[in-house]
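Written out below as structure tokens is the structure these notes cover.
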Amino acid sequence: MKIVEVRHPLIQHKLGLMRHAAISTREFRALASEVAALLTYEATKDLETVAEEITGWAGPLQVHRIKGKKITIVPILRAGLGMLPGVLDMIPAAKVSVVGVQRDEDTLQPKTYYEKLSGRMDQRIALIVDPMLATAGTLVATVDMLKAAGCTRIKGLFLVAAPEGLARIEAAHPDIEIYTASIDERLNENGYILPGLGDAGDKIFGTKQLPPNE
Ligand SMILES: O=P(O)(O)OC[C@H]1O[C@H](OP(=O)(O)OP(=O)(O)O)[C@H](O)[C@@H]1O
Ligand SMILES: O=c1cc[nH]c(=O)[nH]1
Ligand SMILES: [Mg+2]
């Protein structure tokens with residue numbers, strides 16, 4: 001299975017900023033999008049191009065454009081929405097297939113509650129975006145859904161991935177590709193990634209539950 005930990009200095013720097021406990025919603029959201037753009041750059045490195053003749057300012061010349069399969073971005077609700085702007089900055093013409101999968105906080109089992117895919121999924125490259133790949137229950141459910149719709153070329157972009165989740169997705173769907181800014185150490189007893197980022201959805205949307213009177 002192709003697993004790429006993208007250790008570019010810009011990505012490492014931005015991810016380091018995201019790990020600060022006291023980061024604001026505004027900063028976290030901006031950085032999630034910026035890292036997503038850089039991961040997109042890496043994940044699309046192998047797209048095929050085709051030559052075409054155009055008329056340039058100084059006469060005819062050959063340029064290259066992306067060939068064949070069109071891209072659909074697949075943000076997993078809700079935290080995946082935090083990466084969507086950065087991916088769209090890189091691929092403004094992409095279609096977007098929104099998927100809702102929620103991890104049960106007690107059982108850690110994924111529950112699918114929404115699915116609105118682009119047309120002709122069999123002809124598209126799917127770029128799944130979600131900040132966290134933890135147990136991989138959410139990712140396995142999403143890939144199952146995309147394959148059921150006919151999609152055969154699937155890549156996943158994550159800010160942070162846990163070794164346990166990578167092993168699980170490799171066992172279930174070895175044909176997909178994973179791009180992540182970091183492969184972290186492990187999961188804790190609650191299924192959170194260590195050192196990780198904490199609850200990425202809460203940080204992107206500012207929904208952290210505070211104790212009374214705080
Ligand atoms: O690999 P897993 O163990 O399945 O966990 C990862 C999932 O958990 C988080 O979402 P969550 O379900 O908390 O929803 P949210 O986006 O609304 O925060 C995260 O964004 C992933 O989707
Ligand atoms: O560490 C984790 C695991 C799942 N979801 C998160 O937001 N963070
Ligand atoms: Mg969450």
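- Considering CE of Met132 and OH of Tyr192, their distance stands at 9.0 Å, rounded to 0.5 Å.
- Between the Gln12 side chain and the Val6 main chain, a donor and an acceptor come within less than 3.5 Å of each other.
- To the nearest 0.5 Å, atom CD of residue Glu177 and atom CG of residue Leu157 are 10.0 Å apart.
- Here Ile54 sits in one hydrophobic cluster together with Leu61, Val63; the rule is ILVMFWY side chains under 4.5 Å apart, joined directly or through other members.
- Among Asp46, Thr44, Leu47, the one residue that satisfies the side chain to side chain contact (heavy atoms under 4.5 Å, CB included) test with Ile125 is Leu47.
- The two atoms that bring Ala79 and Ala200 nearest to each other are CB-C, 4.4 Å, heavy atoms only.
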Would Glu52 and Val50 count as a side-chain contact (heavy atoms from CB on, under 4.5 Å) if you check the C-alpha gap in whole Å, the side-chain angles of each, and the deciding distance to 0.1 Å? CA-CA 7 Å; Glu52 68 178 6; Val50 60; 5.9 Å; no

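- Side-chain atoms of Arg103 come within 3.5 Å of backbone N or O of Gly191 as a donor-acceptor pair.
- Residue-environment remark: NZ (Lys147) exceeds the threshold of 12 foreign heavy atoms within 6.0 Å.
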Take Glu164 and Arg186 through the test salt bridge (Lys or Arg N to Asp or Glu O under 4.0 Å) and record every step on the way to the result. CA-CA 7 Å; Glu164 295 90 331; Arg186 63 182 175 89; over 6 Å; no

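- With a 4.5 Å cut-off between side-chain heavy atoms of Ile, Leu, Val, Met, Phe, Trp and Tyr, the cluster of Val99 takes in Met1, Ile3, Val74, Ile76, Val101, Leu117, Met121, Ile128, Leu133, Leu139, Val140, Val143, Met145, Leu146, Ile154, Phe158, Leu166, Ile169, Ile176, Ile178, Ile183.
- Put simply, the side chain of Thr72 does not reach to within 4.5 Å of the side chain of Leu127, judged on heavy atoms.
- Side chain of Lys203 to backbone of Leu197: a donor-acceptor contact under 3.5 angstrom is found.
- Rounded to the nearest 0.5 angstrom, Asn190 CG and Glu105 CD are separated by 9.5 Å.
- Side chain of Lys155 to main chain of Ala43: a donor-acceptor pair is present (N/O by atom type, distance under 3.5 Å, no hydrogens or angles).
- Enclosure of atom OH in Tyr41 is not indicated, since only 12 or fewer non-hydrogen atoms of other residues, nucleotides or ligands lie within 6.0 angstrom.
- Cluster membership check: Val96 shares its hydrophobic cluster with Tyr113, using side-chain heavy-atom separations under 4.5 Å among Ile, Leu, Val, Met, Phe, Trp and Tyr.
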Throw together a table of side-chain donor-acceptor distances under 3.5 angstrom for residues 15-24, partners on residues two or more places apart or in other chains.
residue, atom, partner, partner atom, Å
Arg19, NH1, Asp184, OD2, 2.8
Arg19, NH1, Gly196, O, 3.1
Arg19, NH2, Ser182, OG, 3.2
Arg19, NH2, Asp184, OD1, 2.9
Ser24, OG, Glu27, N, 3.1
Ser24, OG, Glu27, OE1, 3.2

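- In this structure, Lys2 and Tyr179 have side chains that are in contact, with non-hydrogen atoms separated by less than 4.5 Å.
- Between Arg124 and Gly119 the shortest heavy-atom distance is NE-O, 2.8 Å.
- Thr152 pairs by the side chain to side chain donor-acceptor pair (under 3.5 Å) definition with Lys69, not counting sequence neighbours.
- The salt bridge (Lys or Arg N to Asp or Glu O under 4.0 Å) test applied to Arg26 returns no partner, not counting sequence neighbours.
- A donor-acceptor distance shorter than 3.5 angstrom exists from the side chain of Arg29 to the backbone of Ile204, with no hydrogens or angles considered.
- With rounding to the nearest 0.5 angstrom, the CZ atom of Arg7 is 13.0 Å from the CD atom of Glu42.
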Mind running side-chain contact (heavy atoms from CB on, under 4.5 Å) on Leu194 and Leu187 for me, showing each step along the way? CA-CA 6 Å; Leu194 294 177; Leu187 296 176; over 6 Å; no

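- The number of heavy-atom neighbours closer than 6.0 Å to CD1 of Ile66, taken from other residues, nucleotides and ligands shown, is 12 or below.
- Between Leu88 atom CG and Met83 atom CE the span is 12.0 Å, to the nearest 0.5 Å.
- Atom-to-atom distance recorded for Arg153:CZ and Asp122:CG is 14.0 Å, nearest 0.5 angstrom.
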Show your working on side-chain contact (heavy atoms from CB on, under 4.5 Å) between Thr180 and Val4 and close with a plain yes or no. CA-CA 6 Å; Thr180 181; Val4 182; over 6 Å; no

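- Taking each heavy atom of Cys151 and Ala126 in turn, the nearest pair found is SG-CB, 3.7 Å.
- With sequence neighbours excluded, no residue satisfies side chain to side chain donor-acceptor pair (under 3.5 Å) with Asp89.
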Can you list the steps and then say if Asp130 with Arg78 is a salt bridge (Lys or Arg N to Asp or Glu O under 4.0 Å)? CA-CA 9 Å; Asp130 192 341; Arg78 85 200 137 134; over 6 Å; no

Take Thr25 and Phe205 through the side-chain contact (heavy atoms from CB on, under 4.5 Å) test and state the conclusion after the steps. CA-CA 7 Å; Thr25 299; Phe205 289 95; over 6 Å; no

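- Under the 3.5 Å distance criterion, the side-chain polar atoms of Ser97 are matched with a main-chain donor or acceptor of Ser118.
- Heavy-atom minimum distance, Gly80 versus Pro131: N-CD, 3.8 Å.
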